[in-house]
Amino acid sequence: MSDRVFPSSKPAANGNGAVSAAAPPPVKPPLRPPYRPQPHARRHHHRPRRSYCCCCCFWTILVILILALLAAIAATALYVLYRPHRPEFSVPSLRLHRLNLTSSADSSTNHVATLLNFTVTSKNPNSHITFYYDPFVISALSSSDVFLGNGTVPGFFSDKKNQTFLKNAVVSGSIDLDTDSVKSLKSDLKKKSGVSLKIKLDTKVKVKVGKLSSKKVGIRVTCEGFRAALPKGKSPSVATVDKSKCKVDLRIKIWKFTF
């Protein structure tokens, strides 16, 4: 059997008997990581403001709804307790003293002179509500809305379940008319059944319920359905009033507009 020869683990000696050390492996420099730009973080500056605005809007709407609900409940309670009704007006008599229309041949001058008087009745049908009226401004018109004259009626106080008569309310006018108004008025005057008249009364009223008083609110009373023949001589013409009706409307003024 042949002997195996194993290499010696001792370092080899050079010629001078010195042992040479093995050279260490070269050290590689550390690799520099590649540059990777980081995405910028998004800054949400508007979220707090937006949430604050949404919160304010929510609470504002909620408060408005609650106030509207409370107002509706209060109005319903007042209606159930007091059963309010609008005041009622009527014109039981009307006399036409003068209605003269004059116009030149060339229609350059058109003029109408009017004089009439009537009685106004105001009725308060409520048991717990009183009305305080300012002076009334009266306007007389034809059925085609041609303005004929105006007048005034003094203000008054209308108590509960009360009826007030305002007699001898006078309307007069001496007015220049345009061509269209003259044509409309001539058509009304030619009717055999008589000229149709309309009365408008404008005023402001304050409502009082117990110790509570409202602010003054504008109202308009429109009475129509009157027919009167043209007066002859000095005797006035008595108008028919059996088909006349009066209605009361609120007049709400917003800035320069009245509704």
Side-chain angles (χ1 to χ4, degrees), residues 85-101 110-126 129-159 162-178 180-182 184-185 188 195-208 213-228 231 236-239 241 244-259:
H85 297 279
R86 293 186 180 187
E88 300 174 359
F89 289 83
S90 62
V91 178
S93 65
L94 187 149
R95 295 174 181 269
L96 181 61
H97 294 264
R98 181 171 63 248
L99 183 56
N100 298 330
L101 176 63
N110 303 306
H111 188 80
V112 62
T114 309
L115 178 62
L116 59 90
N117 73 311
F118 58 94
T119 299
V120 183
T121 302
S122 172
K123 182 180 179 181
N124 182 3
N126 298 283
I129 300 175
T130 54
F131 298 104
Y132 296 82
Y133 295 99
D134 283 357
F136 289 78
V137 177
I138 310 171
S139 302
L141 303 96
S142 68
S143 59
S144 55
D145 288 333
V146 177
F147 181 73
L148 303 175
N150 56 12
T152 58
V153 170
F156 59 93
F157 162 72
S158 182
D159 204 356
N162 186 39
Q163 193 169 3
T164 304
F165 293 90
L166 302 174
K167 298 182 178 180
N168 295 323
V170 179
V171 174
S172 61
S174 182
I175 303 163
D176 293 328
L177 302 177
D178 56 23
D180 293 336
S181 298
V182 171
S184 299
L185 189 55
D188 292 338
V195 61
S196 298
L197 300 174
K198 185 189 302 183
I199 303 295
K200 291 184 179 181
L201 302 96
D202 293 294
T203 188
K204 289 185 177 181
V205 59
K206 182 175 69 174
V207 181
K208 187 174 182 181
S213 297
S214 70
K215 293 183 178 181
K216 292 182 180 181
V217 180
I219 63 170
R220 168 172 287 181
V221 183
T222 304
C223 302
E224 52 189 348
F226 310 104
R227 285 192 174 275
S237 174
V238 179
V241 297
S244 64
K245 294 181 179 180
C246 296
K247 65 176 182 177
V248 181
D249 297 314
L250 288 175
R251 302 280 289 173
I252 301 174
K253 188 174 182 180
I254 301 176
W255 194 35
K256 296 181 180 180
F257 305 97
T258 304
F259 302 93

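This one's a predicted model, so the numbers in the text were calculated from it and none came from an experiment.
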Please enumerate all residues that pass ring pair (Phe, Tyr, Trp, His ring centres under 6.0 Å) together with F156, with sequence neighbours excluded. Y133, F136
How far does [atom1] of [X] sit from [atom2] of [Y], to the nearest 0.5 angstrom?
X	Y	atom1	atom2	answer
L96	N117	CG	CG	9.5 Å
H97	S237	NE2	OG	10.0 Å
I175	F147	CD1	CZ	4.5 Å
K204	R251	NZ	CZ	11.5 Å
S244	L197	OG	CG	11.5 Å
L99	T114	CG	OG1	5.0 Å

Residues in side chain to side chain donor-acceptor pair (under 3.5 Å) with [X], at least two apart?
X	value
S139	none
T119	S93
D180	none
H111	S174, D176

Evaluate the side chain to side chain contact (heavy atoms under 4.5 Å, CB included) criterion for residues L148 and L116: first the C-alpha distance (whole Å), next the side-chain angles of each, then the deciding distance (0.1 Å), finally the verdict. CA-CA 10 Å; L148 303 175; L116 59 90; 5.8 Å; no
On a heavy-atom basis, which atom in [X] and which in [Y] lie closest, and how many Å separate them?
X	Y	result
C246	V221	CB-CG1, 4.2 Å
P87	P125	CA-CD, 4.2 Å
V171	G149	CG1-C, 3.5 Å

I would like to know whether L185 and N110 meet side chain to side chain contact (heavy atoms under 4.5 Å, CB included); could you show each step before the answer? CA-CA 11 Å; L185 189 55; N110 303 306; over 6 Å; no
Residue pairs, two or more places apart or on separate chains, that pass salt bridge (Lys or Arg N to Asp or Glu O under 4.0 Å) and touch residues 140-156: D145-K198
Listing request: all salt bridge (Lys or Arg N to Asp or Glu O under 4.0 Å) pairs with a residue in residues 117-126, at least two apart in sequence or in separate chains. none
Please check this pair: side chain of N124 against backbone of N162, looking for a donor-acceptor N/O pair closer than 3.5 Å. no
Main chain of V207, side chain of S214: is a donor-acceptor contact present, judged purely on distance under 3.5 Å? yes
Holding to salt bridge (charged side-chain N to carboxylate O under 4.0 Å, His left out), I want the full list of residues that pass it with R220, two or more places apart in sequence or in another chain. D202
Which residues pass the salt bridge (charged side-chain N to carboxylate O under 4.0 Å, His left out) test with D134, not counting sequence neighbours? K216
Apply side chain to side chain contact (heavy atoms under 4.5 Å, CB included) to D188 and S144, showing your working. CA-CA 8 Å; D188 292 338; S144 55; 3.0 Å; yes
Can you name the side-chain contact (heavy atoms from CB on, under 4.5 Å) partners of [X], sequence neighbours left out?
X	value
S172	L115
P135	none
Y132	T130, F157, K206, K208

Test side-chain contact (heavy atoms from CB on, under 4.5 Å) applied to R86 and D249, N126, I219, the passing residue: D249
Determine whether F89 and L201 satisfy the following criterion, side chain to side chain contact (heavy atoms under 4.5 Å, CB included), listing intermediate values before the conclusion. CA-CA 10 Å; F89 289 83; L201 302 96; 5.9 Å; no
